[in-house]
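Residue numbering restarts at 1 for every chain, and letters A, B, ... go by the order of the sequence lines.
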Amino acid sequence: MMMKKTNKLMSSSFLVSLSHFITGITCCPPASFQFHSHFLLFSTNKSNPNPKPHFPTHANLQQLLLEKSKTGFDKLDDALAVFDKMLHRKPLPSVFQFAQLLAALVKMKRYSVAVSVFKDMCVKGIHVDIVTFNTAINCFCHLNRVDYAFSLLAGTIKRGFHPDVVTYNTLIRGLISQDDPAEAQLLFTNLIRFKVIQPDVVTYNTIINGLCKRAHACTAVTLFRYMEKKGCKPNTVTYSTLIDCLCKLRLVDQALGLLHEMTKKGITPDVITYSSLIQGLCDFNRWQDVNQLLSEMNTRNISPDVHTFSILIDAYGKEGMINDAEDVIEFMIQSGQHPDVVTYNALMDGYCLRGEVDKALAVLETTMKRRGIVPDTLSYTILINGYCKKRKVDRAVDLFQQLPREGLTPTIETYNTILQGYFLMGRHVEARKFFKEKMMLNKALTLNNYTCSILLNGLCQNHFVVEALSFFDTMLSAGLIPNICIYGTLIDGLSKNGHLEKARSLFDNLPLKGLRPNVKTYTMMIQAYCHDGLFDEAKELFVSMEANDCFPNDVTYNVLIRGCFHNKKYKEAGVLIHEMRAHGFSSDASTASMFLDGLESKEQDPALLALQKEFLP
DNA sequence: ATAGGGTTAG
């Protein structure tokens, strides 16, 4: 590997802009990095009492490093043993080989270890090169220490190295993953303005990905077209990123359009491209299209991998088709793919959705254990949720308390699930206690909109509206920005507790908060009007939905049809039933039973009789 | 540099 050493200073204008990043960073220069104690995992071979008896010869070492830089070592100790031996070689192996060792550690996601090894290399006087620096910078970014990464950049420049496009791509990705897209953008524009580097396809892909993750699909597409204009050809990753983004925005047909476009341009989709699309199609239950993509993959000789299979297992599980999910696992094992914790979590969730929590527990305790797959916090959270939904919150709490014993830390999602479980059983005293003592006082937790929604809904359903409203004020003053779901919860809770006017005023003021009602919000308000006998208002709201780019779904129709019955608008109900069926929706259980109840009532309204004649067999 | 799993309102 060439050492790009130079005595020339960086262009001064760029240094000015660079100083923007470096000043204010509370970190020492690289020569005296302050390492956290957990960075110092590396020590001499004293930590390795059983060194490998047959250590590779020179040629073997090269072979070994080449392989492990691509796959990672099986065990951290093995990697450290190799490093230790390398240090004792005379002459010392080349930087290239040390760089491969670092790459292996990165593959193993042992970033702090890699940083320690890098530091050790510096201390031992090994001449590091720009690639090694880049690896270390990348590790700092993965450790969420972009500040250290920038200090190391400064050190790299001070030592006379030219940071390359990889360096800057790494830093841009670091800034984006640390949720600082503005700094990333600034770095990108400065790099172009001061002609420090020519952005490559990875630079664009990184930024496009950042934009997609932040729901700025339009800007992402703009950048996508811009890069083409600048003569930077998009590749499979570019298209996969955009396709995934479109799928997550539920714009699957546009995503399929991009698949078509890339194929026409001769850019070949890979398993990632197809997996994103299959996920998008599964979300819409477009099974035929899923099968078509799977056979297209087959034709192109692209094999589904553990991601693809997990997507399918998840989709089957959500459809209640648990046997098919099990079959997929069987198939993947037979075709040599190893299910992992994500695969089994999807399966467990499938069982829980069917109410078969004990079967889910058996997956964790038997199948996973047998296959040597270690359950994670999510595995337990899925089970906890399963038990909560079955109103077995005490069993859920048992599992919750088991987590630390398994070396796992519950997340906010785990806590939210338990909180919901208590409220679901009407055990609001324990819910409040849990929230106050276990959640609010827990510094490690960041309460989110899910938490507030669960709490508000729980309080309202248990008829503590005043408390709910006062909590809502508390959350506002705590700086949490309520989303549409929070308002939906309040609108529903208020109207069901006799505060229709308050609910209506919240609904009407949504635009002032910069929020737009969605189909659930509309449906709840329609339900509220119907319940209070304000059928005309309900109908008016229903009609106005479309103009606001919101389309009624099966629940909306069912709510309004039941509203018709309550308000004796039988003719109106007939029209709506037709309309609902024309849209491919059907009556739900509660509408159907109301229809049947109408048969037995003494109600002699001819319109009702006509309705029954038309819609009952 | 890109893909998979859990928690909120009708």
Take the angle between the ring planes of Tyr422(A) and Phe434(A) and call it parallel below 30°, perpendicular above 60°, tilted in between.
tilted
Sugar-phosphate only, base, or nothing, as touched by Thr343(A) at under 4.0 Å among non-hydrogen atoms
base
Interatomic distance, Tyr344(A) OH vs dG6(B) P [rounded to whole Å]
18 Å
Report the relative orientation of the aromatic rings in Phe224(A) and Tyr239(A); use parallel for angles under 30°, tilted for 30 to 60°, perpendicular for over 60°.
perpendicular
Between Arg371(A) and Asp340(A), is there a salt bridge with N-O shorter than 4.0 Å?
no
Could you check how far OH of Tyr274(A) sits from C1' of dG4(B), rounded to whole Å?
18 Å
What's Asn518(A) touching, base or sugar-phosphate or nothing? Going by heavy atoms closer than 4.0 Å.
base
I would like to know whether Asp289(A) and Leu293(A) meet side-chain contact (heavy atoms from CB on, under 4.5 Å); could you show each step before the answer?
CA-CA 6 Å; Asp289(A) 295 325; Leu293(A) 282 191; 5.8 Å; no
Is Val201(A) touching bases, backbone alone, or none of the nucleic acid, heavy atoms closer than 4.0 Å?
nothing
Which of residues 411-420 of chain A sit near DNA chain B, with a heavy atom under 4.0 Å from it?
Thr411(A), Glu413(A), Thr414(A), Asn416(A), Thr417(A), Gln420(A)
Figure out the NZ/C1' separation between Lys107(A) and dA1(B), and round it to whole Å.
12 Å
Of dT2(B), dA1(B), dT8(B), the nucleotide closest to the side chain of Arg173(A) is dA1(B)
Output the single nucleotide from dG10(B), dG4(B), dA1(B) whose closest atom is nearest the side chain of Val237(A).
dA1(B)
Is the base of dA1(B) touched by the side chain of Asn205(A) through a donor-acceptor pair closer than 3.5 angstrom?
yes
Closest approach to the side chain of Thr241(A), judged atom by atom: which nucleotide of dG4(B), dT2(B), dG6(B) is it?
dT2(B)
Just to be sure I understand the rule, does Thr238(A) reach a base, reach only the sugar-phosphate, or reach nothing, if contact means heavy atoms closer than 4.0 Å?
nothing
Suppose we call a contact any N or O donor and acceptor under 3.5 Å apart; does that hold for the side chain of Asp340(A) and the base of dG4(B)?
yes
Distance criterion of 3.5 Å, no angle test: do you see the side chain of Thr377(A) paired donor-to-acceptor with the base of dG6(B)?
no
What is the distance, rounded to the nearest whole Å, between atom CD of Gln527(A) and atom C1' of dA9(B)?
11 Å
Strictly by side chain to side chain donor-acceptor pair (under 3.5 Å), give each pair with a member in residues 241-252 of chain A just once, sequence neighbours left out.
Asp244(A)-Lys248(A), Asp244(A)-Ser276(A)
Please determine, for the side chain of Lys248(A), which listed nucleotide (dA3(B), dA9(B), dG10(B)) has the closest atom?
dA3(B)
Tell me what Ile311(A) touches on the nucleic acid: a base, only sugar-phosphate, or nothing, going by heavy atoms under 4.0 Å.
sugar-phosphate
Which of these nucleotides, dG10(B), dT8(B), dG6(B), is closest to any side-chain atom of Asp314(A)?
dG6(B)
Of the candidates dA3(B), dA1(B), dG10(B), the side chain of Gln461(A) sits closest to dG10(B)
Which of the following nucleotides, dG10(B), dA1(B), dT8(B), is nearest to the side chain of Lys520(A)?
dG10(B)
Taking only the side-chain heavy atoms of Thr521(A) (C-beta and beyond), determine which of dA9(B), dG4(B), dT2(B) contains the nearest atom.
dA9(B)
Say whether Tyr387(A) and Asp358(A), considering side chains only, have a donor N or O and an acceptor N or O under 3.5 Å apart.
yes
What I want to find out is whether Lys369(A) reaches Glu365(A) closely enough, with some N-O distance under 4.0 Å, to be called a salt bridge.
no
Between dA9(B), dG10(B), dG4(B), which nucleotide has the shortest distance from any of its atoms to the side chain of Gln279(A)?
dG4(B)
Interatomic distance, Leu378(A) CG vs dG4(B) C1' [rounded to whole Å]:
11 Å
In plain terms, say whether Glu319(A) and Arg354(A) are close enough for a salt bridge, that is, a side-chain N and a carboxylate O under 4.0 Å apart.
no
Test for a donor-acceptor pair under 3.5 Å between the base of dA3(B) and the side chain of Asn209(A), counting only N and O atoms.
no
Quick one: is dA1(B) close enough that its OP1 or OP2 comes under 4.0 Å of any side-chain N or O from Lys213(A)?
no
When all nucleic acid strands are considered with a 4.0 Å heavy-atom cut-off, which category describes Val555(A): base, sugar-phosphate, or nothing?
base
Below 4.0 angstrom from OP1 or OP2 of dG4(B), is there any side-chain N or O of Lys318(A)?
no
Spacing of Leu242(A) atom CG relative to dA1(B) atom P, expressed in whole Å
18 Å
Could you state the CG-P distance from Leu541(A) to dG10(B), rounded to the nearest angstrom?
17 Å
Which nucleotide in dA1(B), dA3(B), dT8(B) has an atom nearest any side-chain atom of Asn235(A)
dA1(B)
Please report the distance, rounded to the nearest Å, between CD1 in Ile207(A) and P in dT2(B).
13 Å
Any salt bridge (Lys or Arg N to Asp or Glu O under 4.0 Å) pairs touching residues 204-216 of chain A, not counting sequence neighbours?
Asp179(A)-Arg214(A)
